[in-house]
Amino acid sequence: MISPTDTIYPVLKENLNLYELNSCFLATEDEITLIERETRNISSKLGFLITLKTFQCLGYFVKVEIVPKNIISFISSQLNIEQFESILIEYDSSRNRINHMDKILQFMSVKNYSDVGDQIVASVSKNTALVRENLSDIINACIETLVHDRIELPAFSRLHREAMNQRAQVYNELYLRIFNNIGENRRFIIDNLFIVDPSNRKSEWENIKFEIGRLKPKEIKKLIKHIQFLNNIIEIDSFFEGIPSIKIEQMAVEAEHLDASDMQRIEVNKKYSLAIALIKIKKSKSIDSLVDIFLKQMSMIFYLAKEELDKYLKENQDKTDEIMKKFITVEDVVKDGFTNVEKVDLISNIYQENVSLSTYARTHCEHGGKQHVRFMAKFFKKKRKLIFRILESIKLFSATQDEGVTRSLEFMLAHKRSRKPVIETFTKAKKRSDLILMDVKWVEPKWWKLVTGQKKRESFPETIRREHFEVCLCDALAMSLRCGDIYVLGSLDYNDYRKELLPLSECEKTVAKYGEIINLPVEKEAFIVYIKKLLILKSEETDIKFPDNNDFTFKDGVFHLKRLIARTATQRNEDDDIFQGRINELKLIDALTDTAHWISWHKVFGPHSGHQAKIKDELSRYVAMTFSYGTGLGPKEGSKMLFGFTADQIADTNKNHSTCEKIDRAIFKVIEAYNKLHLPRAAWGTGKNIGADGTHWILSEHNSFSQRHVRYGQWGGIAYYHVADNYIAIFSKFIPCGVYEAVHILDGVFSQLKQERPDVLHGDTHAQNAVVFGLSFLLGIKLMPRIRTWHDLKLYKASKEYSYKHIEDLFTKDNINWELIQKHLPDMLQVAQSIMAGVIKPSTVLRRLGTANQKSKLFQAFNMLDRVIRTITLLEYVSDKELRHIVQGATSKCEQFNKFAKWLHFAQDFIKQNKRDEQQKIIKYNHLIAVLLTFHNAYSMTEALVEMEKEGIKIPAETISSISPYRTRHVRRFGEFQVSEEATKILDLNLKPIVTDELLRKATVRN
């Protein structure tokens, strides 16, 4: 059972500081007047005020006896009451309390839950359960609705019970619907999957679970056959119409960890639903893997062609130099006073003596000079058979009205057996007699001469050069798949994202409420007025401040922003350590064990299905599992370091008891506990400012997920993290290194387990693209990345009418199309509302709305809004030095966490696993260990501070703020360890150094 702390259900906190007491429990004049009017004796007055203020804080009524004494003391002091214990003894059981509750509801204009609450909670729970899986998300949606409608909150157990009931009811309804759609014949086919073949003791059910390993030709052939096998079992797409993808995925997760005998034992409706859900998801993931392989092959061809170009240019550098010399010679001949006849003879002689140079120059110019595309056909030829096989195994469709690429693909596949160097465009294919090449508009200028042989696009080509046409088309297909102009039927990552959005009609009904949530006007005219005013005011403010801004100057026609110098109170390292000798040596395994005893993070793990047995020593097994995988040891080496465990035990626990979602929930429990410590929130930050950054992890070149990027010079992927300003990492994801980081920057903000969304999101220079500022704005998030090459970005004025004395040259002459933003605002809000509702991920949208998708009207509208918000952000960035320090600090903490996480993955500097889900789990295990050690370090630092204060040692507040919890010197990673049955110390969340009060006061002044 989840607890209130796993949700946004409000609870009273112990040991509030003075600022928090004043913010929540200080009575107003109107409230004092109400008490004087409604009560007569001291007991009633105090009881009424306590009940009123706690209700305002919580949204529900609590008995006085459970209210912390420091809160009662603070409230009673406002009524000049010193001895309150004896006064309140009988208040909770008195009739006065019931009357006071009614008066408070009237005064606050809040409805009694018993009047309408049950109906609202049931409705919201059911609707949310359709698109969300976690009970905490369902409960949070109910709480948000009740608060918005000003209805009293019920007991948490009531919300929890209703959420569980509605989620179970949703699944039962889905199971029944799917069962009725299947039909008897198809059920017979599914039942045959569970029959075990006596010869090999395997069933077809196990074959469904196949995943590609290393990227070898044999494995790719197996993957293609696997897709054909899944296609031949049963046509399943029609069974899931109207069912949210998250429910299908959850069914598949449960089914994947059940064997054939388990499946035959479960309830009938559920059995068939889980079976076809797994078939669907496995088929989609297999298609995704095939598309990834195609994209990777094209990337490899691209890099090989670039290398070949560099080699070509280097080998022919002497010829290029010689051509330059001959040109100078020709110039001398022209200028030296020879007659025209003599000039012609001399120049002709120069040509005759250097025919090879002329041939080289002509070839160089005709084939694109320094264009790598001229060499791609050479490397494509080696991959041609594999690429054609992949393209024949997937179904590609255009997401726009332009179907030139997909129709050209049909033409290419129809001529796949051809070995002719040239193909006539109007030649009919033997097997597809009506197929001709109709469209070559998609061919880019750099390809045109290579593909058609024509210098200019004067007419439709009668012939095409087959080899160059094939690689050109595949290159265009790869680009279209990445940006979403082409989608793959049955895919998860490359599907048509528009089908996942909430219906526009549904969004129109809820858009007003959505506007209240993000605090923005959502009517077209009002929205344009609002953002235009923001841009005008920020431009004027920056212009006025410019003369006093010594960091931002204009010189020689160029604006310059001085490099930011770090403050003197910079991050301290462990060589200059105030905790020297006060924090004991810590075995890494003890950090995991202690925190498991303290906050029970291991409780989130367990069997994937109720049909699987639980384990008795769950704490030690889950600690051993996390340690082995999060440090890179793996089960074999982990079992050697940990006493009492076998490699099979550790591997089996990971396989049958852990998923990425469960690891995320464990991380979330750690974050919740970390935020209760006094030191992090007082010294380092509120947790409302988030930094995002990634770090490269090496993968095998033969892995389907692995990519090679010039930035890293190695094959691998990116572990992408969100790190809060109080040093706790709240989100992790493993992404391809060829993907722009801006695509994934919002995923952590809208992850399933995120309770409270941040106010500001920071990132590195790569955390921006042509639409992310606009989308973040519509989601109520302020995106503020570190901008190193800001002068390369364009800034826009609200209109040409405005001019500025100092910063006029800062703006481009291009305009903002306000009409386009206004026209497509409902479409953009549809995307934002769909993300907020959890039916689609931000990365899914951002990947489709890349710069390669410039024909899309939705992209153009987002790009125009992005121009507005990006300009405001840039102006704020260059004119506010304090803001630049905050951004630098946020990104610096991300970089520190990257090093900290890598240090904990000490067994190896790469990821061995080839399966994508296992790679994601490795990153998340490592993330979990990192936050566990961060939590343990922060608590040990708290203990040390309290100890020093008792000894009379005063530590300056600035010193505390500059110390990071990413401490490693005292941590012992190597050796033979045993998982302890008890914690090495007791956790006391009320432990509070005196210096934290000073830090909180300073933070309050800054805010």
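In this chain, residues are counted from 1 in sequence order.
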Just wondering, more than 12 heavy atoms not from [X] lying within 6.0 Å of its [atom1]?
{"X": "M164", "atom1": "CE", "answer": "no"}
{"X": "F906", "atom1": "CZ", "answer": "yes"}
{"X": "K841", "atom1": "NZ", "answer": "no"}

Is the [X] ring parallel, tilted or perpendicular to the [Y] ring (thresholds 30°, 60°)?
{"X": "W598", "Y": "H936", "value": "parallel"}
{"X": "F605", "Y": "W601", "value": "perpendicular"}
{"X": "Y272", "Y": "F179", "value": "tilted"}

Is the gap between the ring centers of F734 and Y720 under 6.0 Å? no
May I ask you to check whether F897 and Y727 place their ring centers less than 6.0 Å from one another? no
Identify whether the distance between the nearest side-chain nitrogen and carboxylate oxygen of [X] and [Y] falls below 4.0 Å.
{"X": "K247", "Y": "E133", "answer": "yes"}
{"X": "D917", "Y": "K285", "answer": "yes"}
{"X": "K921", "Y": "E918", "answer": "yes"}
{"X": "E672", "Y": "K669", "answer": "no"}
{"X": "D191", "Y": "K271", "answer": "yes"}

Main-chain N/O of [Y] paired with [X] side-chain donor or acceptor, under 3.5 Å:
{"X": "R621", "Y": "V623", "answer": "no"}
{"X": "N232", "Y": "Q228", "answer": "yes"}
{"X": "S628", "Y": "M625", "answer": "no"}
{"X": "D259", "Y": "D262", "answer": "yes"}
{"X": "K209", "Y": "E256", "answer": "yes"}
{"X": "Q913", "Y": "K915", "answer": "no"}
{"X": "Y939", "Y": "D988", "answer": "yes"}
{"X": "H226", "Y": "S286", "answer": "no"}
{"X": "S600", "Y": "K603", "answer": "no"}
{"X": "N937", "Y": "R967", "answer": "yes"}

Does the side chain of [X] come under 3.5 Å of the side chain of [Y] through a donor N or O and an acceptor N or O?
{"X": "N726", "Y": "N675", "answer": "yes"}
{"X": "N654", "Y": "Y925", "answer": "yes"}
{"X": "D590", "Y": "T984", "answer": "no"}
{"X": "S199", "Y": "D197", "answer": "yes"}
{"X": "Y622", "Y": "H657", "answer": "yes"}
{"X": "S940", "Y": "K985", "answer": "yes"}
{"X": "D652", "Y": "Q649", "answer": "no"}

Between [X] and [Y], what is the shortest heavy-atom contact and its length?
{"X": "L989", "Y": "A673", "result": "CD2-O, 4.2 Å"}
{"X": "A260", "Y": "W205", "result": "N-CD1, 3.7 Å"}
{"X": "T942", "Y": "A938", "result": "OG1-O, 2.8 Å"}
{"X": "S980", "Y": "L619", "result": "O-CD2, 4.5 Å"}

Should [X] and [Y] count as side-chain neighbours, where that means a heavy-atom distance under 4.5 Å?
{"X": "I663", "Y": "S658", "result": "yes"}
{"X": "I929", "Y": "T626", "result": "yes"}
{"X": "S273", "Y": "Y171", "result": "no"}
{"X": "W697", "Y": "N926", "result": "yes"}
{"X": "L588", "Y": "F977", "result": "no"}
{"X": "S393", "Y": "L290", "result": "yes"}
{"X": "I583", "Y": "E943", "result": "no"}
{"X": "I248", "Y": "I281", "result": "yes"}

In sequence, state the C-alpha distance, the side-chain angles, and the governing distance for F900 and V723, and then conclude on side chain to side chain contact (heavy atoms under 4.5 Å, CB included). CA-CA 12 Å; F900 185 61; V723 182; over 6 Å; no
Think R969 forms a cation-pi with F579, using NZ or CZ under 6.0 Å from the six-ring centre and within 45 degrees of its axis? no
Can you confirm if the NZ or CZ of K283 lies within 45° of the ring axis of F229 and under 6.0 Å from the centre of its six-membered ring? no
Give the C-alpha distance, both sets of side-chain angles, the deciding distance and a yes or no for side chain to side chain contact (heavy atoms under 4.5 Å, CB included) between L174 and M251. CA-CA 11 Å; L174 293 178; M251 293 180 201; 4.1 Å; yes
Reported [atom1]-to-[atom2] distance for the pair [X] and [Y], which is rounded to 0.5 angstrom:
{"X": "D747", "Y": "S732", "atom1": "CG", "atom2": "OG", "value": "11.5 Å"}
{"X": "Q920", "Y": "I735", "atom1": "CD", "atom2": "CD1", "value": "9.5 Å"}
{"X": "L904", "Y": "L928", "atom1": "CG", "atom2": "CG", "value": "11.0 Å"}
{"X": "Y966", "Y": "L933", "atom1": "OH", "atom2": "CG", "value": "10.5 Å"}

Would you check, one step at a time, whether the test side chain to side chain contact (heavy atoms under 4.5 Å, CB included) holds for I667 with V670? CA-CA 5 Å; I667 292 168; V670 182; 5.7 Å; no
Side chain to side chain contact (heavy atoms under 4.5 Å, CB included) between H602 and L592, worked out: CA-CA 10 Å; H602 64 286; L592 276 60; over 6 Å; no
